[in-house]
Amino acid sequence: MINLIPKPQSFKIENGTFNLSADCKVYTEIELPLLTAPVSGGGEIRIIKDVSLSKEEYYLKVNADGVLIKASCANGAYYALQSLRMLGRFDEGKNEIPFVEIADKPKYEWRGMHLDESRHFFGKAYVKKLIDELFRLKMNVFHWHLTDDNGWRIEIKKYPLLTEIGSVRSYTHIKGWHSGEKDETPYGGFYTQDDIKEIVEYAEERCVSIVPEIDAPAHFAAALAAYPHLACRDLKREVQGHFGGVFPKIHGMTDWNRPICLGKEENIQFILDVYDEVCELFPFEYFHIGGDECDVTEWKTCPECQRVMKEKGFTNERELQLMLTNRLCAYLKSKGKHMIGWNEVLRVDGIDKSAVAQYWEPGRDVNVEKFAAAGGKIIMSKHQSFYIDHPYAIYPIKNTYNFAPENYGVSKDNVLGVEGELWTEWIAEPEKADFMYHPRMEAISEVGWTDIGNRNYGEFVKRYKNYKSIYPHLGITYAVDKIAMPKNLLRRAKLAALFRGGDPDYEFKLNQKFYDKGER
């Protein structure tokens, strides 16, 4: 068994080990900005440029002569070095690399993790730490959810009220979906454009591309708080402090779930103006527009929306959303980008074929199946496997690891890749975010990297248990085995009930009790 996560496609272990010297020299034919002081010849580590290998592919050999790496560019070379780091357990202060020969490349081109910063804001230091973790596990996409109903987290110079007003809420919903309670402490935070540039550069150096998500037409309440005229009705409303569930009903809120009005051309131009600035900050060729959970009720009685529907010959308000989706898709295409939308954007036939659908809903979506069958590209984020904001009691790590797209009516040939989603309604601290990410991130990295025929859950668990001693050295809070791999059905039922209403932090606090007992 090789002690690597994700598991390589092909490997051979031989007898013997190699120790790098304290002043290890590295020779490289590939420019690697993170590598300090490479030498011009010799070296215990030799990195050779091999253009026959694909972008993320690498070859690694360790024997008595030292370390040989072959790659075509920085991505493959860095991934080989990450394998070397893990094999030698460098982060734990060790330095004994087994003799090994590895030929490796990823299964999917999209291997991503997501962070929602609208509900809770984590800041630059945590985002960089998260990018480091993606790099360690050979994951290459960070999906950054920067706007939603509960806070606008990115500076837009043309529309300063988006952060002056839209980034701050006066209270925060607490104690779960079945709760009407709130914390009255004002809450806010946002990234300046300089912050964004710094983080994008940091990620690029580590082979991680960042896809921004700027939601439209729904999940737009923070923007409407800043610019209320963008709605069908110009109503003065604060940034939402609640996260849905039963809270609006308990507090008599009847008009909280409102999208942007699509009957006014200037409103669509507002979105395009925002996208202009965001596109300048993020060079990645993909851009996420959200597009999910749009309540069209207000459009049904809006004179401007109904006028546009009549002019266009629409008979269903969902066609208004399709109109916007395709317009945004074309606009992003003009900027050299592919549009991504959650799978609800497929509810009406006619979406631009260049769009990418992100499949999240737990149930079967025949529209996704039709889209994929017609050649459309899909990012798999199925709820049961990849919604890692849910307790392990509901979705244990085995759910994540055993994912296969064929189980959901989608051919693997049309799957761009996989992505784990961390929504943060009930995750306010970096420590809890870490706890939800790990070890699920390790499992997702292997689902994205390793062919399904080369994967085995029991064997993965053994490798993970052999390696998880790294977490304290990296400052990572993680789920202990009793949490990540739960067997007690009564405890699972209790944790699931508490998550929905009462104490969504209970599982995290239970994990700390196991820590205190030394059960790591």
Side-chain angles (χ1 to χ4, degrees), residues 4-9 56 79 82-83 86 104-116 129-145 203 206-211 340 358-360 362 378-392 394-408 410 412 415-424 427 433-452 454-461 463-465 467-468 470-471 474 476-479 481 483-485:
L4 270 182
I5 298 174
K7 183 181 179 181
Q9 303 290 5
E56 297 185 303
Y79 290 158
Q82 292 300 328
S83 290
M86 194 174 287
D104 203 11
K105 63 180 179 180
K107 175 179 177 61
Y108 291 121
E109 63 179 277
W110 187 287
R111 306 178 305 282
M113 296 301 301
H114 158 281
L115 177 64
D116 162 27
K129 177 186 175 184
L130 178 56
I131 289 167
D132 287 339
E133 290 308 297
L134 296 177
F135 187 35
R136 176 175 65 89
L137 293 167
K138 305 183 180 78
M139 302 181 81
N140 62 356
V141 176
F142 172 43
H143 176 174
W144 206 357
H145 190 82
R206 289 155 180 80
C207 307
V208 174
S209 299
I210 302 181
V211 55
I340 304 171
Q358 189 157 6
Y359 192 6
W360 75 272
I378 308 293
I379 298 167
M380 299 299 291
S381 295
K382 286 296 287 184
H383 208 282
Q384 299 91 326
S385 294
F386 299 125
Y387 264 51
I388 64 172
D389 55 301
H390 279 56
Y392 291 89
I394 296 176
Y395 294 151
I397 190 175
K398 190 172 185 178
N399 280 39
T400 302
Y401 189 83
N402 286 338
F403 171 82
E406 295 86 348
N407 295 340
Y408 300 97
V410 178
K412 61 181 182 296
V415 175
L416 192 63
V418 296
E419 182 180 293
E421 312 303 315
L422 190 73
W423 302 100
T424 62
I427 303 170
D434 276 0
F435 163 75
M436 304 306 284
Y437 276 127
H438 300 284
R440 283 158 162 165
M441 192 187 299
E442 280 71 12
I444 295 169
S445 77
E446 192 149 311
V447 172
W449 186 276
T450 309
D451 290 332
I452 192 167
N454 198 20
R455 282 166 33 206
N456 177 279
Y457 175 69
E459 193 256 357
F460 165 78
V461 170
R463 279 183 287 116
Y464 161 67
K465 288 184 176 181
Y467 187 65
K468 66 177 183 176
I470 189 177
Y471 290 134
L474 296 176
I476 290 172
T477 303
Y478 64 98
D481 295 348
I483 297 291
M485 295 167 258

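Below, all heavy atoms of this structure are taken into account, side chains as well, without hydrogens, waters or symmetry copies.
Annotation: the span from Asn454 atom CG to Glu446 atom CD amounts to 8.0 Å, rounded to 0.5 Å. Between Asp389 atom CG and Thr424 atom OG1 the span is 8.5 Å, to the nearest 0.5 Å. The distance from the CG atom of Asn399 to the NZ atom of Lys382 is 12.5 Å, given to the nearest 0.5 Å. Atoms CG and CE, on Leu137 and Met441 in that order, are 7.0 Å from each other to the nearest 0.5 Å. Between Tyr437 atom OH and Ile476 atom CD1 the span is 11.5 Å, to the nearest 0.5 Å. Taken from CZ in Phe403 to OH in Tyr408, the straight-line distance is 6.5 Å, to the nearest 0.5 Å.
For the residue pair Leu4 and Ser83, the shortest heavy atom distance occurs at CD2-O, 3.6 Å. Nearest heavy-atom pair across Phe135 and Cys207 is CE1-SG, 4.4 Å. The minimum heavy-atom distance linking Val418 with Gly448 is given by the pair CG2-CA, 3.7 Å. Taking both residues in full, the closest heavy atoms of Tyr464 and Ile5 are given as CA-CD1, 3.8 Å, listed atom of the first, atom of the second, then distance.
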Quiz prompt | Ile340 vs Ile379, side chain to side chain contact (heavy atoms under 4.5 Å, CB included): CA-CA, chis, key distance, verdict | solution = CA-CA 9 Å; Ile340 304 171; Ile379 298 167; 3.9 Å; yes

Practice problem: Could you please spell out the steps behind the side chain to side chain contact (heavy atoms under 4.5 Å, CB included) verdict for Ile378 and Leu416? | Solution: CA-CA 6 Å; Ile378 308 293; Leu416 192 63; over 6 Å; no

Practice problem: Start with the C-alpha distance between Ile388 and Glu421, add both sets of side-chain angles, then the distance that settles side chain to side chain contact (heavy atoms under 4.5 Å, CB included), and finish with yes or no. | Solution: CA-CA 6 Å; Ile388 64 172; Glu421 312 303 315; 5.9 Å; no

Quiz prompt | Verdict with reasoning, Arg463 to Lys465, per side chain to side chain contact (heavy atoms under 4.5 Å, CB included) | solution = CA-CA 5 Å; Arg463 279 183 287 116; Lys465 288 184 176 181; over 6 Å; no

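Using a cutoff of 4.0 Å between basic side-chain nitrogens and carboxylate oxygens, Glu442 and Arg136 are scored as salt-bridged. A salt bridge does not link Glu133 to Lys129: none of the charged side-chain nitrogens sits closer than 4.0 Å to a carboxylate oxygen.
Here the rule is side chain to side chain contact (heavy atoms under 4.5 Å, CB included) with Trp449, and of Met139, Lys107, Arg455, Lys138 only Lys138 fits it.
Of the possible donor and acceptor atoms, one in the side chain of Tyr401 sits under 3.5 Å from a partner among the backbone N and O of Asn456. Checked by atom type and distance alone, the side chain of Thr400 pairs as donor or acceptor with a backbone atom of Ser385 at under 3.5 Å. Checked by atom type and distance alone, the side chain of Gln358 never pairs as donor or acceptor with a backbone atom of Met380 at under 3.5 Å. Side chain of Asn140 to main chain of Arg206: no donor-acceptor pair is present (N/O by atom type, distance under 3.5 Å, no hydrogens or angles). A donor-acceptor pair under 3.5 Å is absent between the side-chain atoms of Gln9 and the main chain of Asp104, judged by distance alone.
Between Tyr395 and Tyr387, the gap from one ring centroid to the other reaches at least 6.0 Å. Taking the six-membered ring where the residue is Trp, the centroids of Tyr108 and Trp110 are separated by 6.0 Å or more. Between His114 and Trp423, the ring center distance clears the sub-6.0 Å criterion.
Residues satisfying the salt bridge (Lys or Arg N to Asp or Glu O under 4.0 Å) test with Asp116, not counting sequence neighbours, are Arg119. With sequence neighbours excluded, the residues forming a salt bridge (Lys or Arg N to Asp or Glu O under 4.0 Å) with Arg111 are Glu56, listed by chain and number. Evaluation of the salt bridge (Lys or Arg N to Asp or Glu O under 4.0 Å) rule for Lys468 yields Asp481 as partners, not counting sequence neighbours.
Using a 4.5 Å cut-off on side-chain heavy atoms (C-beta onward), His143 and Glu419 make contact. Proximity of Pro439 to Tyr471: side-chain heavy atoms (C-beta onward) are separated by under 4.5 Å at one or more points. The side-chain heavy atoms of Tyr478 and Phe435, taken from C-beta on, include no pair separated by under 4.5 Å. Under the 4.5 Å side-chain criterion, counting only non-hydrogen atoms from C-beta, Val211 is in contact with Val141.
The cationic group of Lys7 does not satisfy the cation-pi geometry with Phe460, failing either the under 6.0 Å distance to the six-membered ring centre or the 45° limit from the ring axis. Judged by the 6.0 Å and 45° rule, Arg440 forms a cation-pi pair with Tyr392.
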